Amino acid sequence: MKTGIILFPGSNCDHDAFYAVNEIFSQPAEMLWHKDRRDLREFDLIIIPGGFSYGDYLRTGAIARFAPVMQDVMDFASYGGAVIGVCNGFQILTECGLLPGALMRNRDLKFICKNLHLRVEKNGTMFTGDYHPHEVIRIPVAHGDGNFYADPETLRDLEDNNRVVFRYCAEDGFVTEAANPNGSLNNIAGIINERGNVLGMMPHPERCSDPVLGNTDGARLFTSLVASIGTVVA
């Protein structure tokens, strides 16, 4: 599974993603600079990492959406290539139209940095094949703009077509308002595109993939991809 990781000015989770893919799962990974145009079909997976691309000026992801490399990412997705946008990456994917909706300021207007529980709503994807249906996992978040919003028609489409992949929940798996950290509609933490090859999520699976951290709930997202795509000897 050859992985390209997009690097913007202000990205700060790029090396976390590189370490997870390259060191933990022994798959080749390469950093891709935001200004460079490139045919990405040599890669199997593209990760748009978290951080504060271009300082989050205007609004989160609004400038990164126009980076030269993003046209190549959109082409890659149109060919069926796997794309993950984590945190700021999720925001960028909504800005460029690869995923619907928008990520707004957190309900309480405060930055959130802590471990939260998620319920796996859809496990039959290339990203979630190693999870069980409605399994509760614990994944860290770190964001100030994670409040997922969509108009009623778009929200209904996401729900009716089973495109909500992760939902914030309590430790026992119940989806409650108290378990919603940021005001996201329907407690949505991650969604997938209609084709099933583009995933956006606010929580950080790359930050809970190494056993030394005491939590590997994010590791199965990467093992799911390796199983789906296949291994590559680095």
Side-chain angles (χ1 to χ4, degrees), residues 3-14 16-17 31-38 40 43 45-107 109 111-112 127 141-158 161 163-166 168 181-186 188-206:
T3 301
I5 300 165
I6 309 299
L7 180 59
F8 298 101
S11 297
N12 65 13
C13 301
D14 43 291
D16 301 57
M31 296 293 193
L32 302 173
W33 187 235
H34 68 119
K35 286 186 176 181
D36 296 338
R37 295 298 307 272
R38 183 167 174 179
L40 299 178
F43 297 96
L45 169 68
I46 296 297
I47 298 176
I48 308 176
F52 305 90
S53 57
Y54 302 96
D56 277 348
Y57 289 112
L58 300 183
R59 64 179 179 272
T60 55
I63 299 176
R65 175 260 179 275
F66 293 102
V69 74
M70 285 309 299
Q71 182 58 58
D72 300 317
V73 172
M74 289 187 280
D75 292 342
F76 177 77
S78 73
Y79 303 142
V83 178
I84 301 176
V86 177
C87 199
N88 191 221
F90 186 8
Q91 296 159 352
I92 294 168
L93 289 176
T94 61
E95 286 288 335
C96 72
L98 284 176
L99 289 174
L103 282 307
M104 306 191 306
R105 293 296 304 276
N106 292 344
R107 173 186 52 214
L109 304 181
F111 190 88
I112 302 168
F127 308 98
V141 298
H143 61 250
D145 298 79
N147 183 353
F148 180 80
Y149 175 82
D151 63 79
E153 183 178 353
T154 298
L155 188 64
R156 185 166 52 251
D157 178 71
L158 288 170
N161 290 289
R163 289 171 54 193
V164 177
V165 179
F166 299 110
Y168 300 111
N182 49 35
S184 290
L185 291 177
N186 295 9
I188 289 173
I191 62 173
I192 202 165
N193 68 336
E194 186 174 358
R195 189 171 179 176
N197 63 309
V198 178
L199 170 70
M201 58 187 299
M202 289 308 298
H204 288 267
E206 77 283 1

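Note that the coordinates shown come from a computational prediction; the quantities given were computed from them, not determined experimentally.
Atom CG of residue N186 and atom CG of residue L158 lie 9.0 Å apart, to the nearest 0.5 angstrom. Atom-to-atom distance recorded for L99:CG and Q91:CD is 12.0 Å, nearest 0.5 angstrom. Residue S53 holds its OG atom at 11.5 Å from CD1 of I6, rounded to the nearest 0.5 Å. Considering CG of N197 and CZ of F127, their distance stands at 6.5 Å, rounded to 0.5 Å. Here the CD1 atom belonging to I192 is positioned 11.0 Å from the CE atom belonging to M201, to the nearest 0.5 angstrom. Atom CD1 of I84 is separated from atom CG of L199 by 6.0 Å, given to the nearest 0.5 angstrom.
For N88 (side chain) and T60 (main-chain N/O), no donor-acceptor pair under 3.5 Å exists by modelled atom type. Side-chain atoms of R195 come within 3.5 Å of backbone N or O of S78 as a donor-acceptor pair. Side-chain N or O atoms of N106 include one that pairs as donor or acceptor with a backbone N or O of G146 at under 3.5 Å. S184 contributes a side-chain N or O that, together with a main-chain N or O of F148, makes up a donor-acceptor pair within less than 3.5 Å.
A side chain to side chain contact (heavy atoms under 4.5 Å, CB included) with L32 is found for one member of L7, I5, I46 and no other, namely I46.
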Taking it one step at a time, do D14 and F8 satisfy side chain to side chain contact (heavy atoms under 4.5 Å, CB included)? CA-CA 9 Å; D14 43 291; F8 298 101; over 6 Å; no

Could you walk me through whether V69 and R38 pass the side chain to side chain contact (heavy atoms under 4.5 Å, CB included) test, one step at a time? CA-CA 7 Å; V69 74; R38 183 167 174 179; over 6 Å; no

Kindly indicate, with the supporting measurements, whether the criterion side chain to side chain contact (heavy atoms under 4.5 Å, CB included) is fulfilled by N182 and Y168. CA-CA 10 Å; N182 49 35; Y168 300 111; 3.3 Å; yes

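Taking both residues in full, the closest heavy atoms of C96 and M70 are given as SG-CE, 4.0 Å, listed atom of the first, atom of the second, then distance. Counting all heavy atoms, side chain and backbone alike, A64 lies closest to I92 at CB-CD1, 3.6 Å. Considering every non-hydrogen atom in both C87 and G50, the closest pair reads CB-CA, 4.1 Å. Contact detail for C13 and G51: the closest heavy-atom pair is SG-N, 4.3 Å. Closest non-hydrogen pair, F43 versus G4, comes out as CD2-N, 3.4 Å.
With sequence neighbours excluded, the residues satisfying side-chain contact (heavy atoms from CB on, under 4.5 Å) with F52 are N12, D56, F111. Take H204 and apply the ring-ring contact (aromatic ring centres under 6.0 Å, His included) test, not counting sequence neighbours, and it matches no residue. Residues forming a salt bridge (Lys or Arg N to Asp or Glu O under 4.0 Å) with D157 (at least two apart in sequence, or on another chain): R163. Shown here are the salt bridge (Lys or Arg N to Asp or Glu O under 4.0 Å) partners of D16, two or more places apart in sequence or in another chain: R207. A search for salt bridge (Lys or Arg N to Asp or Glu O under 4.0 Å) contacts involving D145 returns R105, not counting sequence neighbours.
Q71 CD: more than 12 foreign heavy atoms inside a 6.0 Å radius.
In this pair, H34 and Y54 present their aromatic rings perpendicular. The plane angle is above 60°, beyond the 30 to 60° band.
Looking only at side-chain heavy atoms (C-beta outward), P203 and V141 come within less than 4.5 Å of each other.
Judged as a salt bridge (Lys or Arg N to Asp or Glu O under 4.0 Å), the pairs with a partner in residues 66-95 (not counting sequence neighbours) are, in order, R37-D72, R59-E95.
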